[in-house]
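Some notes on the structure that comes next.
Position 1 is the first residue of the sequence, and the numbers go up from there. Ligands are counted one by one from 1 in listed order, and the atoms in each one are counted from 1 as well. All heavy atoms count here, side chains included; hydrogens, waters and symmetry mates do not. All values derive from a computational prediction rather than experimental measurement.
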Amino acid sequence: MKDLDFDLLARCSRGVRGLKPYEPGKPTTELQRELGIHDVIKLASNENPLGPSPMALAAIRDALAGLAIYPDGQAYELRQAIAEKHDVDPRCITLGDGSDQNLEFLARVFLEADRNAVISQHAFAVYAIVAQAAGAEIRYAAANPPDHPRMPYGHDLEAMLKLIDADTRLVCIANPNNPTGTWLERDNLLAFLQRVPKDVMVVVDEAYFEYVDEPQYPDCARWLQRHPNLVVTRTFSKAYGLAGLRAGYSLSHPAVAELLNRMRQPFNISNLAQAGALAALADTAHLRQTVAMNSAGMRQLQQGYRALGLNWLPSIGNFLTVDFKRPAQPIYAALLREGVIVRPVKNYGLPNHLRITVGLPEQNTRLLRALKKVLAA
Ligand SMILES: *Cc1c(COP(=O)(O)O)cnc(C)c1O
C-alpha cells in the first residue's frame with residue numbers, strides 16, 4: 001500500500017488522537033494458535049462459564065427466521081420487559097449493543113472539548129475511552145490507598161466530589177468496579193448523589209448487579225424518581241451469559257433518555273439480541289443457577305488462594321483480583337503456558353495484580369493447580 005504522504009493524526013479529531021485502544025482479554029483461539037495448546041480455559045473477561053439461558057438460545061434460534069427484516073427500532077417487547085423489571089416507564093430506557101455503547105451515548109451527549117468527566121483511578125477503562133474520544137478532559141480521582149481498612153483501591157467519593165467543577169458534565173461510578181471488584185454502600189452513594197450539583201450527570205454502572213449478595217449494596221434504579229441526573233447502566237453480558245450477543249441498557253429520566261436515544265442508531269439492537277435478551281430476562285431459574293455457581297466458585301477460589309498464601313481485593317462480582325506483591329506479568333505468562341488465560345491489569349495501574357474470573361468448579365481447580373505449579377517454579 002502507498003505510504004501516507006500527509007499527517008493523518010493532524011487530520012483526526014483531538015479526542016481520537018489521544019486515544020489508546022482498549023486491551024481485551026486474550027481470546028482462547030489466539031492462545032491456541034500461538035502456543036499450540038488445545039485444552040485452554042479462559043478466566044479473563046468475566047464471562048458466565050455456564051453460558052446463556054437455554055431459553056435465550058432457543059429464542060435466538062427462532063429469531064433467525066426473521067433475519068431478512070430490520071429489527072424493531074423501538075424494541076417494543078424488550079423495553080416493556082425491562083420497564084416492568086425495574087418498575088419504570090419504558091421511556092426511561094435506552095438500549096445499547098452492550099452497555100459499553102450506553103456509556104458511549106452518555107459521553108457523546110454530555111461531553112465535548114472544554115468539558116470534563118470525573119472518574120476514579122483504577123475504574124473500568126471504557127469511561128476514559130469514551131470521554132477521551134469525545135474530546136473532554138478526564139479528571140482522575142485518587143482511589144482508596146492500598147492499606148485502606150475496608151475497600152483498598154476502591155472509589156473515594158470524597159476525592160471525586162472535590163474534582164467536580166462548573167465544567168463537569170459526567171461522573172462515572174462502577175458499582176462494583178471492574179477490575180478491582182470493590183463496591184460502594186447504599187448510604188455513602190446516596191449521600192454522594194445528594195451532594196453532587198443537581199445538573200451534573202452521575203452514571204452508576206451496575207454490570208455485575210445480579211451477582212451481588214451484599215446487604216448494603218444499593219439498587220440505584222430505585223433512586224431515579226428523586227434524582228433526575230442519575231443514569232444507571234445494566235448489561236446482558238455478565239450474569240446473563242450473553243457477552244457475544246451485545247445487549248445492554250441505561251435507565252434515566254425520560255428527558256435524558258430522549259437525548260441518549262437521539263445518539264442511538266435506529267437498528268443498534270439486532271433481532272437476535274432483542275429476542276435473546278427478552279428470553280434471558282424471563283429465565284430466572286438460569287440466573288439463580290448462575291449466581292449459586294458463582295458463590296460456590298468464589299468460596300472455592302478464596303480457599304485455594306488462602307492455601308497458596310495469596311491475597312485478593314474485596315469483590316462482589318464474578319471475579320477476584322489477586323495481589324501477588326510482585327510484578328504479575330511473568331505469572332500471567334507462565335499461566336498461559338499452562339493453558340490458563342487470566343487478565344493482567346497493569347494498564348489499570350495494578351502491575352502486581354491479576355484479575356481472575358470465577359469459572360466452573362473444574363476450571364477453578366485447574367487454575368489453582370496451575371497457579372501452585374507456577375508459583376513454586
Ligand atoms: C463488562 C463490563 C461492562 C460492559 O459490558 P458490555 O458487554 O458492553 O455490556 C460495563 N461495565 C463494567 C464495569 C464491566 O465490567
- Query: What class does the angle between the rings of Tyr217 and Phe209 fall in, given that below 30° is parallel, 30 to 60° is tilted and above 60° is perpendicular?
  - Reply: tilted

- Query: Any idea how Tyr249 and Phe236 line up, ring-wise: parallel (<30°), tilted (30 to 60°), or perpendicular (>60°)?
  - Reply: tilted

- Single-linkage hydrophobic cluster, 4.5 Å side-chain cutoff, Phe319 and Leu371 together: no

- Item | Intermediate values then yes/no, salt bridge (Lys or Arg N to Asp or Glu O under 4.0 Å), Glu214 and Arg186 | CA-CA 11 Å; Glu214 158 62 45; Arg186 180 180 296 108; over 6 Å; no

- Task: Determine, stepwise, if the pair Tyr153 / His353 fulfils ring-ring contact (aromatic ring centres under 6.0 Å, His included).
- Result: CA-CA 12 Å; Tyr153 301 98; His353 294 72; 5.2 Å; yes

- Message: Under a 3.5 Å distance rule, please check whether Asp97 uses its side chain to pair with a backbone N or O of Asn268 as donor and acceptor.
- Response: no

Hey, what polar pairs (N/O, under 3.5 Å) does ligand 1 make with protein?
from	atom 1	to	atom 2	distance (Å)
ligand 1	7 (O)	Ser237	OG	2.5
ligand 1	7 (O)	Arg246	NH1	2.7
ligand 1	7 (O)	Arg246	NH2	3.3
ligand 1	8 (O)	Ser99	N	3.2
ligand 1	8 (O)	Asp100	N	2.9
ligand 1	8 (O)	Asp100	OD1	3.4
ligand 1	8 (O)	Asp100	OD2	3.3
ligand 1	8 (O)	Arg246	NH2	2.8
ligand 1	9 (O)	Ser99	N	2.7
ligand 1	9 (O)	Ser99	OG	2.9
ligand 1	9 (O)	Thr235	OG1	2.5
ligand 1	9 (O)	Ser237	OG	3.4
ligand 1	11 (N)	Asp205	OD1	3.3
ligand 1	11 (N)	Asp205	OD2	2.5
ligand 1	15 (O)	Asn178	ND2	2.7
ligand 1	15 (O)	Tyr208	OH	2.6
ligand 1	15 (O)	Lys238	NZ	2.9

